[in-house]
There are 2 protein chains.
Amino acid sequence: MNQHMRHNTACKTCSLSPLCLPVSLSFSEMDRLDDIIERGRPIEKGQYLFRQGDPMESVFAIRTGTIKSFALTRAGEEQITGFHLPSEILGLSSFGTQHHQVSARALETTNVCEIPLEHLERLSSQLPELGRQVMRVMGREIREDQQMMLLLSKKSAEERLASFLLSLAQRFKRRGYSEHNFRLTMSRSDMANYLGLAVETVSRVFTRLQKSGIIADTGSAREVHIADQKRLCDMASLSEGERVELGLIETTTTH
Amino acid sequence: MNQHMRHNTACKTCSLSPLCLPVSLSFSEMDRLDDIIERGRPIEKGQYLFRQGDPMESVFAIRTGTIKSFALTRAGEEQITGFHLPSEILGLSSFGTQHHQVSARALETTNVCEIPLEHLERLSSQLPELGRQVMRVMGREIREDQQMMLLLSKKSAEERLASFLLSLAQRFKRRGYSEHNFRLTMSRSDMANYLGLAVETVSRVFTRLQKSGIIADTGSAREVHIADQKRLCDMASLSEGERVELGLIETTTTH
DNA sequence: CGTAGACTTGACGCCTCTCAACGTTAGTGG
DNA sequence: CCACTAACGTTGAGAGGCGTCAAGTCTACG
């Protein structure tokens, strides 16, 4: 009996597969992918999925939960490089190296699908559509990182937080959750780190967003209710590329 | 007669191939790669290789020269996402989309190898090592972009410029040029844009670097002579990941 | 119920941006 | 070959956004 049968979680029956690696695979191809996927026990909050320097043997798809990935600076502080939601793929940035270049840690109880690299490479050469999907996912990650570079080099604190909240909202929406009400799984400090701000600045901007009625006071710092999405968009000063990712415009226009 | 024969520039005879796509291909495999590569006329300074929104049909390897790639913000200003030197691959960030997500423009007369996507995908499934190399290149790009995120969110103006100069020095060295003397092909304004600084700040830091004797005054703003590499390294506050890329340490250690 | 960590708020200072003026270089056409 | 000009680069003064420090409040969990 396959491991994934034990957990009753095959790609074929997973609601996330249209967002994940199996997209555009046939049922029989999905079966072959399922055969190489390992689904272990849940990762508890605070546990590491892998650490910077660990031998790189697998990539991971998130099934439920949230993971943050981060690199260490020389001073030993962390630089968060991303928050990962269900269906997103983790570990691609270490492709071509023997060791993981970042650490990955659970922000809440998280279930992942582990995909051993060795098997993935073999299967990719047999299923061209799978290899293509891996490249598409990597391409998207590059674009997102470059959006992030834009955010960090050109945007004010308000614009950064607004962009971040809209990005989260859109990602929740695509996964079938509310785009207006959601729970932040990361701390203010994690957000600040990711957005290149001080914790205090993040806190102040949240307060300002509430006072201006753009987000509602839910009583809890981690609960977000977006009350005025349009004004939040205005505040974010979204770039062309961000608007594409958020589905606000169809395709990039020529300039 | 093949086009690449006309220009006497086959992968097999190209000094850059160990840094480029053909790495670890056999001679006969390189021939097959050569067959799908198109090598057109040089791109003059200021000309576009492609523009944001153009249909994406190829990726490009740089043979000689420098290309900057950049995205457009809503206000119409550009955000430079990278400077590309010989052997580097351009266009990967648009993988999985129909259109280029960035524009690419020559900073000096530049020769490129054009690799049509359609052929590359077909050949990749026949030569697994080629597909793996494409993924390695994409992995490296993700890591570099994440280094850049760290630079933009945590480093001071001095640290940014020092890191940038060291990165260029290392890349020139790997291509067989001096790592201590080189010519900047980009303007102060391009550097400032890329590093998330104002032009004036870049200029001031250059002046400071000269006054402290870390770089020598060459008489020209575009000519750089690194006089004290060690102090430049100290000034850059390099992260673990940067030190790996610069070859200062062998492998990432476990933490 | 107590404590540690997370979050908020205020005061203050500094790094870098902006604005402005000026010097320098490179490209153009007479 | 030189004059002209636009782009590029440098330098200074002033201002503001955000980081830092400090204190206090809130929340989660043992």
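Proteins come first, then strands; the chains are lettered A, B, ... in the order of their sequence lines, and each starts at number 1.
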Item to check | Pairing of Arg171(A) and Glu179(A) as salt bridge, 4.0 angstrom limit | outcome: no
Item to check | Rounded distance (Å) that lies between atom C1' of dC7(C) and atom CD of Gln210(A) | outcome: 12 Å
Checklist entry - For Ser187(B), which contact category applies under a 4.0 Å heavy-atom criterion: base, sugar-phosphate, or nothing? => result sugar-phosphate
Next on the checklist: Between Glu159(A) and Ser237(A), is there a side-chain donor-acceptor contact under 3.5 Å, judged purely by atom types and distance?
Outcome noted: yes
Checklist entry - Angle class for the Phe83(A)/Tyr194(A) ring planes (parallel below 30°, perpendicular above 60°, tilted otherwise)? => result perpendicular
Checklist entry - In whole angstroms, how far is the C1' atom of dC8(D) from the CG atom of Leu107(B)? => result 14 Å
Checklist entry - Atom CG of Leu161(B) to atom P of dT10(D): distance rounded to whole Å? => result 11 Å
Next on the checklist: Between C1' on dC8(D) and CZ on Phe206(B), what's the gap in Å once rounded to a whole number?
Outcome noted: 13 Å
Next on the checklist: A quick test of your reading: do over 12 heavy atoms of other residues, nucleotides or ligands sit less than 6.0 Å from NZ of Lys154(A)?
Outcome noted: yes
Next on the checklist: Enumerate the salt bridge (Lys or Arg N to Asp or Glu O under 4.0 Å) contacts for residues 69-84 of chain A, please, sequence neighbours excluded, ordered by first and then second residue.
Outcome noted: Lys68(A)-Glu78(A)
Next on the checklist: Nearest to the Thr207(B) side chain among dT10(D), dT11(D), dC7(C), which nucleotide is it?
Outcome noted: dT11(D)
Checklist entry - Does Arg222(B) place a side-chain N or O at less than 4.0 Å from the phosphate oxygens OP1/OP2 of dA26(C)? => result no
Checklist entry - CD of Glu223(A) versus P of dA6(C): gap in Å, rounded? => result 18 Å
Checklist entry - In whole Å, what is the span from the CG atom of Leu209(B) to the P atom of dT11(D)? => result 13 Å
Checklist entry - Using a distance-only test with no angle check, is there a side-chain donor-acceptor pair under 3.5 angstrom linking Ser239(A) and Glu242(A)? => result yes
Checklist entry - Separation of Asp190(B) atom CG from dG9(D) atom P, in whole Å? => result 9 Å
Checklist entry - Once each nucleotide of nucleotides 18-30 of chain D is scored for protein heavy atoms under 4.0 Å, what B/S/- sequence comes out, 5' to 3'? => result SSBBB----S---
